[in-house]
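Protein chains get the first letters and strands the later ones, always in sequence-line order, with residue 1 at the start of each. Bear in mind that the values here come from a model prediction, so they are computed numbers and not experimental data.
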Amino acid sequence: MQTSIRGKAYVLGDDIDTDQIIPAEHLIYSMTDPEERKLYGKYANIGVPAGQRGLPDGNIPFVEQTEGNSVSDYQIIIGGKNFGCGSSREHAPFALAEAGAKAVIAEFYARIFYRNCVNGGFLVPCEATQRLVDEISTGDDVEVDLAACKLIDHTTGKTYDLKELGDVKPIIDAGGVFAYAKQAGML
Amino acid sequence: MARKMTMTEKILARHAGKADATPGENIWVDVDVLMTHDVCGPGTIGIFHQQYGKDAKVWDPSRVVIIPDHYIFTANEICHRNVQILRDFVREQGIQYYYDPEFVKNEPGMPNPYRDPTKTNYKGVCHKALPEEGHLRPGEILLGTDSHTCTAGAFGQFATGVGNTDAAFTLGTGKTWLKVPPTMKFTFHGQIPPYLTAKDLILAVIGQISVSGATYKSMYFTGEGIGSLTLEDRMTLTNMAIEAGGKNGICDVDQKTLDYVKARSNRPEWEVVTEDEGAEYCYEHEWDLGTLEPLVAKPHSPDNKDLARNCTDVKLDRAYIGSCTGGKITDMIMAASLLNGHNVKIPTFVVPGSTEVHADMQRLNIRGELKAGDEKSIQQTLEDAGCQVGPSGCAACLGGPADTFGRLNEPLNCISTTNRNFPGRMGHKEAGVYLASPLTVAASALTGHVTDPREYVSEPIATGTAGLV
């Protein structure tokens, strides 16, 4: 696993549910076909209401809806409470990862989303020790230091504490539950 | 002396081959049944082949249940292709329990649905089909690639939703890792009054603890009030455990559970697990059913609770009765009894939760009895009141493709028996969805605004033998 992830921040609010991350009408595309799966990246976060897209200003698309584009300008998502609540659709962390997101930093997660991030090896789901939604702005240059459990906002110069990954760290380090089970001799 | 345990802890311990399972502990458990459907099945199958190889076999083809239910009645050809992916996998693996929408023929256009709900292999919503087809048993572990898999906890088992990767892992090994959850205990005293259904109870719970109040936790529903509910109504309760973030919801096993499972189970044996007196809870709350009032969850969150009678100024454009939460036969009887002899004021869409529900809607009268020759069926009663009845499936509960029956394609206000009202859940992002019981939805359909069903219901509504065995 990378120990440091740096990129632009995309800030969302509380209770971002999986219908907002990838609305149900988009759950039909193949997740294995190299072309079709790009549509998940294209429509990542498309269900978030306009005013809540890219806080504090809002109205900032996560992925520009231009012809052929499926990649976001933002690599690190900052969320509030209960990130990823709702449906069990693995398409949610998958879509964020397809758009190029590498990590999510939230106050806490809905458990199935968290589990899908970890077991599928899509994103690193970190928990902050404080609310960051009001601290960090969409577009800030941020860095997740996984070894030191810190989030550094290079734009503002501030540093924030992250919680240890804990029990799931070996699975994240391995790159997902299959890789972990193979390393552990279970498969 | 052994530690006192909750039902959930006992079930997890037994499936891990251990004497004890303590909250917070990570354990590997054996899974009894794995369920998937047309939305998550294709992705799960893709990962299964990627990880185990193209010739890999599932761990036990008699323990994998595949129930297409989400995007069936749509002209969208990608959806038809996804059903075909399930068919190919079923054939390749010799999966024993598969419920094919045989009318989806990979041809352009909207498939013509089943004509007779008793003469199709197709079932409809997986969470309703699972008990009907004998896949639920007390004491077992069920995993499903759908967050509402927790519904099965009404049968005294551990059931939870998982993603594609987890499901693919279990497909190959029959195992999964779980963190043992601490348990929250919700006790209901008294008997269910005629104007309430379990939907009001679960909206009270979620309103009390919030949409994240049970995150990582097990929700145990108990008390004589739960005993007074039909099994179907208990399913409404456990169904929405996920709406509080719960890992699972679970009810005690009683004679109602045993009668149903004995009549339906496709395996002869199971082990009933009971809650130990003195088991530890991380949270406890009690309600008296006599003091609870009909509730709604206002847009855009299932915990945005209010009394139905406080919301009479909310004008509605549409009503919707359906889904794994509110599309069971007893839900249909509740709605039809209230609507009987009246006319709805707003477009009202009705979607049977399963083809068995649909068949019962045609076979039974509004008292849940076999209808006499000239008597109206439940479906006729609903249609005479002005409701539109569509084919069984998940339909507009989660929006789905644009041509889905009942989908909110405009920013309308809709009152619904479904489970979620997040922005865009039923289609349009600016639509406002009010979650309520089938009684409150039916009463509101008659007036065109949010209406307390006590304006129409005072006597208990008999449901006869509907949904029993």
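- Comparing B:D166, B:T215, B:N76, B:D146 by how many heavy-atom pairs each has under 4.5 Å with chain A, the most go to B:D166.
- In terms of heavy-atom proximity, A:I46 sits nearest to B:K429 at O-NZ, 2.9 Å.
- With a 4.5 Å cut-off on non-hydrogen atoms, A:Y114 touches chain B through its side chain but not through its backbone.
- For a residue to count as touching a neighbouring chain, one of its non-hydrogen atoms must lie under 4.5 Å from one of that chain's; by this rule B:I242 touches chain A with the side chain only.
- A donor-acceptor distance shorter than 3.5 angstrom exists from the side chain of B:Y71 to the backbone of A:A24, with no hydrogens or angles considered.
- Of residues 35-43 of chain B, those residues lying under 4.5 Å from chain A by any heavy-atom pair are B:V39, B:C40, B:G43.
- Looking at heavy atoms from C-beta onward, B:T165 lies out of side-chain contact with A:N116 at the 4.5 angstrom threshold.
- Between the side chain of B:N82 and the backbone N or O of A:I28, at least one donor-acceptor pair lies under 3.5 Å.
- Residues of residues 66-91 of chain A that come within less than 4.5 angstrom of chain B, heavy atom to heavy atom, are A:N82, A:C85, A:G86, A:S87, A:S88, A:R89, A:E90, A:H91 in numerical order.
- In this structure, the portion of B:T160 lying under 4.5 Å from any heavy atom of chain A is its side chain and not its backbone.
- Contact of B:N164 with chain A is made through backbone and side chain together, with heavy-atom distances under 4.5 Å.
- Contact of A:D15 with chain B is made through the side chain alone, with heavy-atom distances under 4.5 Å.
- Only the side chain of B:W28 comes within contact range of chain A, with heavy atoms under 4.5 Å apart.
- At a 4.5 Å heavy-atom cutoff, B:A167 makes no contact with chain A through either its backbone or its side chain.
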